[in-house]
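Atom set for the values below is all heavy atoms of this structure, side chains included, hydrogens, waters and symmetry mates excluded. Indexing begins at 1, ligand by ligand and atom by atom, following the structure's order.
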Amino acid sequence: MSLGLIGGTGLDTLSGLRVTASHAVDTPYGQPSMAIEEGVLAGRKVFFLHRHGGGGRPIPPHRVNYRANLWALHELGVKRILAANAVGAIASSMTAGKLVIPHQLIDYTWGREHSFDDGSSGVLQHVDFTHPYDAGLREEVLCAARAAEVPYVDAAVLGVVQGPRLETAAEVTRFSGDGCDLLGMTGMPEASLARELGLPYAAICMVVNAAAGLGDASISMDAIRETLRGETLLFGALLRAFLEA
Ligand code: HPA
């Protein structure tokens, strides 16, 4: 079953991926973030898309064409999707350097094209999104995390914020009160668009900082990049174990 991998900040390339083709897919929703790379990783066929684009000018979270990205992966025959997200942590158990496999999310984004349904189909659809991440796929990811012996947390509520700015300390207090363990900017509408297309979807979050007001220092991009270097190695190890299972 073809796997689609959506990379986020820090995951511009997939280490070890032998690229066999590049697909520039045009979709009814416009252009995906980049031409999708088809290749072989750990002996398995995968399709890789970096959601912030492959060029020198990263597409910010609120400007990513999530619909085109998901549509293009679906068009290429991808049957399930693993997404990587760099996130800030609210929960004290989710320290920078850990991988977290969220089981729930709260969507705070606004103004993003968040549905394929423009009303023209004549059928009113309300997709079930009670459990935003696919249970079977999550279980496989958790097995892979155990096999790879990477530091991971097996459940979390991801709050998806609009960005691109980081939060105020008061906002973090509010999100914490809502039940969020993590904050990221790219988890939605990616997850619900995958659900609309019937594609099982799971996320692997790389904790890169303590959320605003919770850490010892202010959040710096340099520190985030430094943490990401280690996180991407962990992500690679988990992914390899997933593909080899
Ligand atoms: N907040 C929101 N998104 C993020 C953060 C954060 O602290 N860190 C990385 N992505």
Between Phe235 and the options Val150, Leu11, Leu82, the side chain to side chain contact (heavy atoms under 4.5 Å, CB included) test singles out Leu11
Any side-chain donor paired with an acceptor under 3.5 Å for Glu190 and Asn69? no
Side-chain donor-acceptor pair present, Arg195, Tyr201, cut-off under 3.5 Å: no
Short side-chain donor-acceptor distance under 3.5 Å, Ser115 and Glu196: yes
Between Ser220 and Asp222: side-chain donor-acceptor atoms closer than 3.5 Å: no
Residues Arg44, Glu38; criterion salt bridge (charged side-chain N to carboxylate O under 4.0 Å, His left out); working and verdict: CA-CA 11 Å; Arg44 299 269 299 274; Glu38 177 179 346; over 6 Å; no
For ligand 1, what is the set of protein residues having any non-hydrogen atom at a distance below 4.0 Å? Ala86, Val87, Gly88, Val161, Leu166, Glu167, Leu183, Gly184, Met185, Val208, Asn209
